[in-house]
Amino acid sequence: MKETANGDLVVPLLESPERTTVTIPHPSLRRTKSTRTVMLKISGIKCATCATSIESMLGKLEGIESVSVSPIEGQAVIIYRPEFINAKRIKEAIENNNYQVDDFPDQDIAVCRLRIKGMACTSCSESIEQALLMADGVKKAVVGLALEEAKIHFDPNITDSNRLIEAIEDAGFGADLISSGDDMNKVHLKIEGLGSPEEASLIQSSLEAVEGVNHVEMDVVDSKVTITYDPDYTGPRSLIQCIQEVGHGRNFYRVSLYTPPRRRESERQHETLVFRNQFLLSCLFSVPVVLFSMVLPMLHPLGNWLDYKVHNMLTIGMLLRLVLCTPVQFIVGWRFYLGSYHALKRGSTNMDVLVALGTNAAYFYSVYIVLKSVTSDSFEGQDFFETSAMLISFILLGKYLEVVAKGKTSDALAKLTDLAPDTAFLLNLDSDGNVISEMEISTQLIQRNDILKIVPGAKVPVDGVVIRGQSYVNESMITGESRPIAKRPGDKVIGGTMNANGTLQVKATHVGSETALSQIVQLVEAAQLARAPVQKLADRISRFFVPAVVVAAFITWLGWFIPGEFGVYPRHWIPKGMDGFELALQFGISVLVVACPCALGLATPTAVMVATGKGASQGVLIKGGNALEKAHKVKIVVFDKTGTLTVGKPVVVSTTLFSSKSIQELCDVAAAAEADSEHPLAKAVVEHAKKLRQQYGINSDHLPEVKDFEVHPGAGVSGNVEGKRVLVGNTRLMVACQVPLSSEVEDYLTETEQIARTCVLVAIDGVIGGALAVTDPLKPEAVSVVSFLRSMNISSILVTGDNWATANAIAQEVGIGTVFAETDPVGKAEKVKELQKKGLVVAMVGDGINDSPALVAADVGMAIGAGTDVAIEAADVVLIKSNLEDVITAIDLSRKTLSRIRLNYVWALGYNVLGVPVAAGVLFPFTGIRLPPWLAGACMAASSLSVVCSSLLLQSYKKPLSYARDDVVASADGYSNSV
């Protein structure tokens, strides 16, 4: 217990933000079981007797708390306990008594979120969705490949989250429960002093008896409990009080908050480590295989020892390649066998099937060559173990790089909750509204209707209503309005916003998942989950290509084997040391290897890898292939205003005098009055005065002292400067202080407002001395960017939370014709969706938290690099240098990359189209040209090499627009003053 300067008592509720012992006196709680209410429309009720019989019949069922039947309306309201009975059984009981239930609500629908492991492509996510939808009781299932999550709506009376996880595991993937039901409002507690399982059971029963508690999960081993609750009925402090009351008289329980570890981060780190180790292990064996097969044989006499025969035609080099390749094929490559097994089990094919098929064909043909060499003293064959080993190594490298890239994406949505302060001051008021005591508590312990004190410079912890005090609150993160908003009793405040200069008493109205910040997080997550990833061309082709390749190889083998057995072609066609079966087998394997579309797997990722690397060097961070695939189709760009088209920082752009005082004297007096204010406009005035002093050669930044300083919320400030009464603010302040406004001043105000500038009037001793025009200036490149987009046949739209006058002025200045102003975060997302419904591909450019829902809803979201972490995470493209030119760079680079990807597919498939007929032996009868399997493998490698080289040409990409800042005279820091 400590005392503040005002004499108020401050009780530190938390010893630590992470772990805290709480002992708070609280009134006893009404303890009732968690219940649900269902309303049923019943036909066949003719009189009060019918209603009474229904009430009597239902009242006998276990779990029914109360029944009320209206014979006039034919409606029944039933309160029941879901652990004993559900709405479906209630309906059946009524119908068994010869009444008909109409309009039965589908209320027993639960929602859970699962983290999915092992997804590699869109066919995986589709397979999981199909497996979930086939499970009993599942109403809806959405699987997000990028998020690696699934959101499932199901009937809890039929199935549960454990069965859903089993369904996913049966499909060949892993799954972990993230959340079950509406459990966003939950608290994690650590209980010290817990002695036995019986005590844990007693605590769990007591918590479950609290009204509003939905679920209690006890961890007896670690003495932890997780409680899901309804904030309308209870809260964290009440639950802590409940646990302490259980131990009263027997054991004293010390209850602490704790933060559970983030499993996703640890799992990604583990996955990255696994792929890295597997790649290095593969390289350990693959590099010697390549040396022994492709390098040393070309270096005579260094490689001659590899040709020494061990037995018959088996050489040392062949034996070494077999020994080194086998671990790569069956130990390192085991994951591809598992992936192929599960894909084939589901009746589909994916890249794992291609990899397994191609490497097995290469490996087992090479094994055949080894066996043939051992048993023959004249057989000469070429193995290609290196094809199998190199293929597996390169694919593992790609997987490793993919996981690393995912891991670099910061979990910025989690940082959104960090905008709220760790602690808050809880007030205890008497019946007259006077403060009795003041306690510093964790923000996690705030409950609805709590009275909180927000001091100057502190953040608002939760959404609420001001009940006492006046201040300015900076809400730019939510509304997009760059200027702080005046707050008075009755005004709403939003959690995470910054209180500027006054002390406020706020009544909490929304806590936990109901706050504006949490709603934005949920909206972004939902949009990310609902977004269907682009169907990869390689996956689409592989669905039909793999069976076609197998059939073509089999037909090729039959086409040569059967004629050979019946002597259709001459025997001298068969090479020495072979028979007709082996020749046919070589043709078949050559078709299989040369047609294996391994290069398809490299066509997109290599181009994406080069493009993203080149983009990053140009100031554009592109988050993977999906953004690249969509950005080239963009037809309309939606711009936010504050911080996107504008600098995001108010500056003084002109000064006008209405008296004989000089500009320097006027600015010094205004800055002195504003020096103690935290308002951004005040800071702009002070900064302008300092720059002006430097221009006049005054090296000192010291300003005159202000006395009797007073803030007038929503109007300005006042004070005495060097014996003069100074007022700095808007017309409201001047009128309130009875300062006359001349026609010249009023004309200036009108002109200033028409061009969306804020006018700061300065009055000295009751006379207007001058005015300063303040605005958030345009970025110097904004006009040229909009103009260049127009030349690319891309339209521009401005959507902002700012007022219409400012929005229209900015749009007119920058050259944008369509404007939507005074739009909240959800409204911005809706505008994007409206454009999408017209068939347009939409890009959104923004910088703030308020832009994140629209960034996710857009086909391509572009975040300003200087913006918030949440906006950056929500976006598909991040403009690292906060330069609007990079909007054009991102779109143009996307177009170039998509063209390169298409060319890559031409290279990848071109070799197959030309190579398959040759590998099948079409030219052999006429020219004697035969494509042996090792040469077919070389063609396949050449195909991959051509794809990589094609992608590397993107390194020569240059930006289409480079704005010359050195030639710009007007900038945010260099506006000229007009007198």
Any chance you could measure Ile165, atom CD1, to Ile116, atom CD1, to the nearest 0.5 Å? 8.5 Å
Who pairs with Tyr341 by side chain to side chain donor-acceptor pair (under 3.5 Å), at least two apart in sequence or on another chain? none
Check whether more than 12 heavy atoms from other residues, nucleotides or ligands sit under 6.0 Å from atom CG of Asp136, and answer yes or no. no
Scan Leu164, Ile128, Asp176 and name whichever one has a side chain to side chain contact (heavy atoms under 4.5 Å, CB included) with Leu114. Leu164
How long is the gap from CD1 on Ile94 to CG on Leu40, to the nearest 0.5 Å? 5.0 Å
Gln447 (side chain) donor-acceptor with Ser238 (main chain) under 3.5 angstrom: yes
First locate atom CD1 of Ile243, then atom CG of Leu189, and finally report the distance between them rounded to the nearest 0.5 Å. 5.0 Å
Can you name the nearest heavy-atom pair linking Gly59 to Val67, along with the distance? N-CG2, 4.4 Å
Is the side chain of Gln836 donor-acceptor paired with the backbone N or O of Val842 at a distance under 3.5 Å, no angle test? no
For His510, check ring-ring contact (aromatic ring centres under 6.0 Å, His included) against everything at least two apart and list the hits. none
Looking only at atom types and distance, does a side-chain atom of Ser206 sit under 3.5 Å from a main-chain N or O of Leu202, one as donor and one as acceptor? yes
Validation row: Lys190, His188 side chains within 4.5 angstrom (heavy atoms): no
Nearest heavy-atom neighbours spanning Leu58 and Ala93: CD2-CB, 4.3 Å
Using side chain to side chain contact (heavy atoms under 4.5 Å, CB included), reason through Lys831 and Glu834 one step at a time and then give a plain yes or no. CA-CA 5 Å; Lys831 293 296 181 186; Glu834 288 176 10; 4.0 Å; yes
Quick check: closest heavy atoms across Gly495 and Asp463, and the distance to 0.1 Å? N-OD1, 2.7 Å
How close do Tyr99 and Ser53 get, heavy atom to heavy atom, and via which atoms? OH-OG, 3.5 Å
A side-chain contact here means heavy atoms from C-beta on lying under 4.5 Å apart; do Met57 and Asn96 qualify? no
Can you tell me how far the CE atom of Met218 sits from the NZ atom of Lys224, to the nearest 0.5 Å? 12.0 Å
Do you know the tightest heavy-atom contact between Pro236 and Gln444? CG-O, 3.1 Å
What's the verdict on side chain to side chain contact (heavy atoms under 4.5 Å, CB included) for Val274 and Arg335, showing C-alpha distance, side-chain angles and the deciding distance? CA-CA 11 Å; Val274 168; Arg335 63 168 49 249; 4.0 Å; yes
Distance (rounded to the nearest 0.5 Å) between Leu239 CG and Thr234 OG1: 4.0 Å
What pair of heavy atoms forms the shortest contact from Phe154 to Asp160, and how long is it? CE1-CA, 3.9 Å
Can any side-chain N or O of Ser43 pair as donor or acceptor with the backbone N or O of Gln100 at less than 3.5 Å? yes
Are Ile240 and Leu445 side-chain neighbours, meaning at least one heavy-atom pair lies under 4.5 Å? yes
Are there more than 12 heavy atoms of other residues, nucleotides or ligands under 6.0 Å from atom NZ of Lys633? no
Those residues that, when tested against Glu95, pass salt bridge (Lys or Arg N to Asp or Glu O under 4.0 Å) (two or more places apart): Lys91
Side-chain contact, heavy-atom cut-off 4.5 Å: Ile203 with Val225? no
In Å and rounded to the nearest 0.5 Å, what is the OG to CZ distance from Ser161 to Arg113? 13.5 Å
